[in-house]
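Below you'll find the structure, written out as structure tokens, and then a few comments.
Because only heavy atoms are used, hydrogens play no part in the values below, and waters and symmetry mates are left out as well, while side chains stay in. Since this is a predicted model, take the numbers as computed values, not measurements. Heads up: numbering here begins at 1 and tracks the sequence.
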Amino acid sequence: MILDCAVIGGGPAGLNASLVLGRARRKTVLFDDNKPRNAVTSESHGFITRDGIDPQELKRIAQEELRKYPDVRVEKQRVREIQKKEQHFQITMENGDIYQAKKVILATGFKEIMPDVKRVAEFYGTSLFSCPYCDGWETRDQPLAVISENPHAFHMAKIVSNWTDDVIVCTNGRQILSEDEKEILGRKHIHVYEEKILSLIGEAGALEEIAFVDETTVKRTGGFITPEWTQSSPFASSLGCALNERGGIDVDQMKQTKIPGVFACGDTLMAGPSQLIIAAGEGSMAGAAVNAALVEESFAEHKKGGKIDAS
């Protein structure tokens with residue numbers, strides 16, 4: 001059997017795409033190896049009716065809802081390769097299983113490359129975060145740091161100042177801010193530390209201090225990081241999808257890539273870390289776009305077969 005669609009990636013985008021396809025009676029398999037970018041996150045925010053939910057609990061509820069639709073199946077396997085054949089795509093799993101699909105939705109997300117700071121991984125997800133809209137409320141009115149090795153530091157510092165009046169910027173030895181930017185931040189009492197960070201200090205995931213190589217220390221209870229991002233899977237490249245200036249998959253308004261039959265949604269577009277509700281909405285759009293494409297193809301094939309009987 002050839003699937004109508006293979007959805008690669010089981011986060012909010014892939015889950016919602018599969019839901020739309022299941023409700024549209026499309027034969028769909030969702031492939032999920034359960035290795036999400038937000039594995040360190042214990043609470044997800046900003047999703048109405050699900051604010052504060054554990055991401056794994058959200059996934060459990062979503063997969064339970066998918067089971068109501070007989071045309072959708074979740075395969076907890078990792079995809080090794082996707083190849084474009086003449087009329088379909090061949091999806092090969094790491095265990096050697098092979099599936100055929102008319103359409104593919106890439107919802108594989110991205111990987112974060114953390115700043116080169118000692119112990120940063122110990123605090124990420126508990127007192128250091130990447131999205132103020134997801135975690136700013138929980139860190140409100142605290143002494144916070146923006147730790148960044150790239151020019152996004154300026155924008156992040158301005159955004160974080162919405163939740164607290166006590167913000168510093170740490171560039172870990174990099175000269176990434178212009179004098180004008182530093183002056184603008186200074187007018188809001190946001191101090192910029194351009195010294196290299198010796199180490200983060202704290203216990204059990206709770207940040208306490210930032211120590212610099214010049215022996216300066218600054219007390220902080222949390223903060224935000226601007227990581228570098230890269231695609232978490234090679235499929236966009238191997239299929240020939242175009243990428244945007246940030247390294248995300250380039251799509252049109254309906255999440256269609258430049259490769260016919262390949263759609264993409266969620267963090268893999270790399271507009272930045274998406275809130276769950278945004279990723280889910282993009283998945284919904286991608287699922288609807290796949291169904292619409294299949295409907296159009298069905299009518300085109302029927303037209304080729306002769307005149308339509310209107311009786």
Show your reasoning for whether side-chain contact (heavy atoms from CB on, under 4.5 Å) applies to Asp250 and Thr257.
CA-CA 6 Å; Asp250 190 31; Thr257 72; over 6 Å; no
Verdict with supporting geometry, Leu294 and Arg26, side-chain contact (heavy atoms from CB on, under 4.5 Å):
CA-CA 9 Å; Leu294 291 168; Arg26 294 298 180 182; 3.6 Å; yes
Intermediate values then yes/no, side-chain contact (heavy atoms from CB on, under 4.5 Å), Leu106 and Ile249:
CA-CA 9 Å; Leu106 298 177; Ile249 301 175; 3.9 Å; yes
With side-chain contact (heavy atoms from CB on, under 4.5 Å) as the criterion, how do Phe154 and Lys182 come out once you've worked through the C-alpha distance, each side chain's angles and the decisive distance to 0.1 Å?
CA-CA 8 Å; Phe154 180 61; Lys182 286 188 280 190; over 6 Å; no
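Taking CG of Asn16 as the reference point, atom CD of Glu65 lies at 9.5 Å (rounded to 0.5 Å). Atom SG of Cys5 sits about 14.0 Å away from atom NZ of Lys27, to the nearest 0.5 Å. Here CE of Met270 is found 8.5 Å from CH2 of Trp229. Values are rounded to the nearest 0.5 Å. The distance from the CG atom of Asn291 to the CD atom of Glu296 is 10.5 Å, given to the nearest 0.5 Å. Atom-to-atom distance recorded for Ser233:OG and Glu81:CD is 12.5 Å, nearest 0.5 angstrom. One finds the CD1 atom of Ile201 at 9.0 Å from the NZ atom of Lys219 (value rounded to the nearest 0.5 Å).
Under the 4.5 Å side-chain criterion, counting only non-hydrogen atoms from C-beta, Ile91 is not in contact with Ile98. Within the 4.5 Å cutoff, the side chain of Glu194 has no heavy atoms near those of the Val169 side chain. With a 4.5 Å cut-off on side-chain heavy atoms, Ile61 and Ile53 count as touching. Contact of the Cys131 side chain with the Phe129 side chain is not registered, since no non-hydrogen atoms from C-beta on lie closer than 4.5 Å. With contacts defined as side-chain heavy-atom distances shorter than 4.5 Å, the pair Gln83/Phe89 does not qualify. Using a 4.5 Å heavy-atom threshold, the side chains of Ile105 and Ile8 count as separate. Under the 4.5 Å side-chain criterion, counting only non-hydrogen atoms from C-beta, Pro115 is in contact with Ile225. Here the side chains of Cys265 and Met285 are not in contact, with every heavy-atom distance at 4.5 Å or above.
Remark: the Tyr124 side chain and the Ser130 side chain contain an N/O donor-acceptor pair separated by less than 3.5 Å. Side-chain atoms of Asn95 and Asp97 form a donor-acceptor pair, as typed in the model, at a separation below 3.5 Å. One side chain, His45 or Glu43, offers a donor N or O that lies under 3.5 Å from an acceptor on the other. Between the side chains of Thr164 and Asp166, no donor N or O sits under 3.5 Å from an acceptor N or O. A side-chain N or O of Thr221 and one of Gln142 form a donor-acceptor pair less than 3.5 Å apart. Between the side chains of Asn150 and Glu228, at least one donor N or O lies within less than 3.5 Å of an accepting N or O.
Contact detail for Ala157 and Val146: the closest heavy-atom pair is CA-CG2, 3.9 Å. Residues Gly10 and Leu30 share a closest heavy-atom pair of CA-CD1, 4.0 Å. Of all non-hydrogen atoms in Cys170 and Phe212, the two that sit nearest each other are SG-CZ, 3.8 Å. Nearest heavy-atom pair across Ser148 and Ile176 is O-CD1, 3.6 Å. Among all heavy-atom pairs drawn from Leu144 and Gly223, the shortest one is CD2-N, 3.9 Å. Here the shortest heavy-atom pairing between Ala153 and Leu177 reads CB-CD2, 4.3 Å.
Hydrophobic clustering (side-chain heavy atoms under 4.5 Å, transitive across Ile, Leu, Val, Met, Phe, Trp, Tyr) keeps Val20 apart from Tyr69. Hydrophobic clustering of Ile, Leu, Val, Met, Phe, Trp and Tyr side chains at less than 4.5 Å, counting indirect connections, keeps Ile197 apart from Val167. If you chain together hydrophobic residues whose side chains sit under 4.5 Å apart, Met114 and Met156 never meet in one group. Note: the hydrophobic cluster containing Val29 also contains Ile82 (ILVMFWY, side chain heavy atoms under 4.5 Å, direct or indirect links). Both Leu128 and Ile168 are members of a single hydrophobic cluster when ILVMFWY side chains are connected at heavy-atom separations under 4.5 Å.
Side chain of Thr28 to main chain of Leu21: no donor-acceptor pair is present (N/O by atom type, distance under 3.5 Å, no hydrogens or angles). Between the Ser232 side chain and the Thr108 main chain, a donor and an acceptor come within less than 3.5 Å of each other. Judged purely by atom type and a 3.5 angstrom limit, Ser161 has no side-chain atom pairing as donor or acceptor with the backbone of Ile159. Between the Gln231 side chain and the Thr268 main chain, a donor and an acceptor come within less than 3.5 Å of each other. Gln253 places no side-chain N or O within 3.5 Å of a backbone atom of Gln256 that could act as its donor or acceptor partner. Although no hydrogens or angles enter the test, the distance criterion places a donor-acceptor pair under 3.5 Å between the side chain of Arg140 and the main chain of Trp137. Distance alone, capped at 3.5 Å, is enough to place a donor-acceptor pair between the Asn172 side chain and the Asp116 backbone. A donor-acceptor pair under 3.5 Å is formed between the side chain of Thr126 and the backbone N or O of Phe123. Side-chain N or O atoms of Thr139 include one that pairs as donor or acceptor with a backbone N or O of Gly136 at under 3.5 Å. Put simply, the side chain of Ser18 gets close to the backbone of Gly14: a donor and an acceptor are under 3.5 Å apart.
If you look at His191 and Tyr193, their ring centroids are closer than 6.0 Å. Taking the centre of each ring, Tyr133 and Trp163 come in below the 6.0 Å mark.
A salt bridge links Lys102 with Asp4: the closest approach of a Lys/Arg side-chain nitrogen to an acidic carboxylate oxygen falls below 4.0 angstrom. A salt bridge is absent between Asp214 and Lys196: the closest approach of a Lys/Arg side-chain nitrogen to an acidic carboxylate oxygen does not fall below 4.0 angstrom. For the pair Arg25 and Asp71, the salt-bridge criterion is not met [side-chain N within less than 4.0 Å of a carboxylate O]. Salt bridge Arg78/Glu94: present, at least one basic N to carboxylate O contact under 4.0 Å.
The neighbour count for Asp165 CG, taken as heavy atoms of other residues, nucleotides or ligands under 6.0 Å away, does not exceed 12.
Remark: of the listed residues Gln90, His88, Gln77, Gln77 is the sole one forming a side-chain contact (heavy atoms from CB on, under 4.5 Å) with Tyr99. Between Asp32 and the options Arg73, Lys59, Lys76, Arg60, a salt bridge (Lys or Arg N to Asp or Glu O under 4.0 Å) holds for only Lys59. For the side-chain contact (heavy atoms from CB on, under 4.5 Å) criterion with Ile210, the lone passing option out of Leu198, Leu200, Val117 is Leu200.
Note that Lys255 lies outside the cation-pi zone of Phe263, set by a 6.0 Å cut-off to the ring centre and a 45° limit from the axis.
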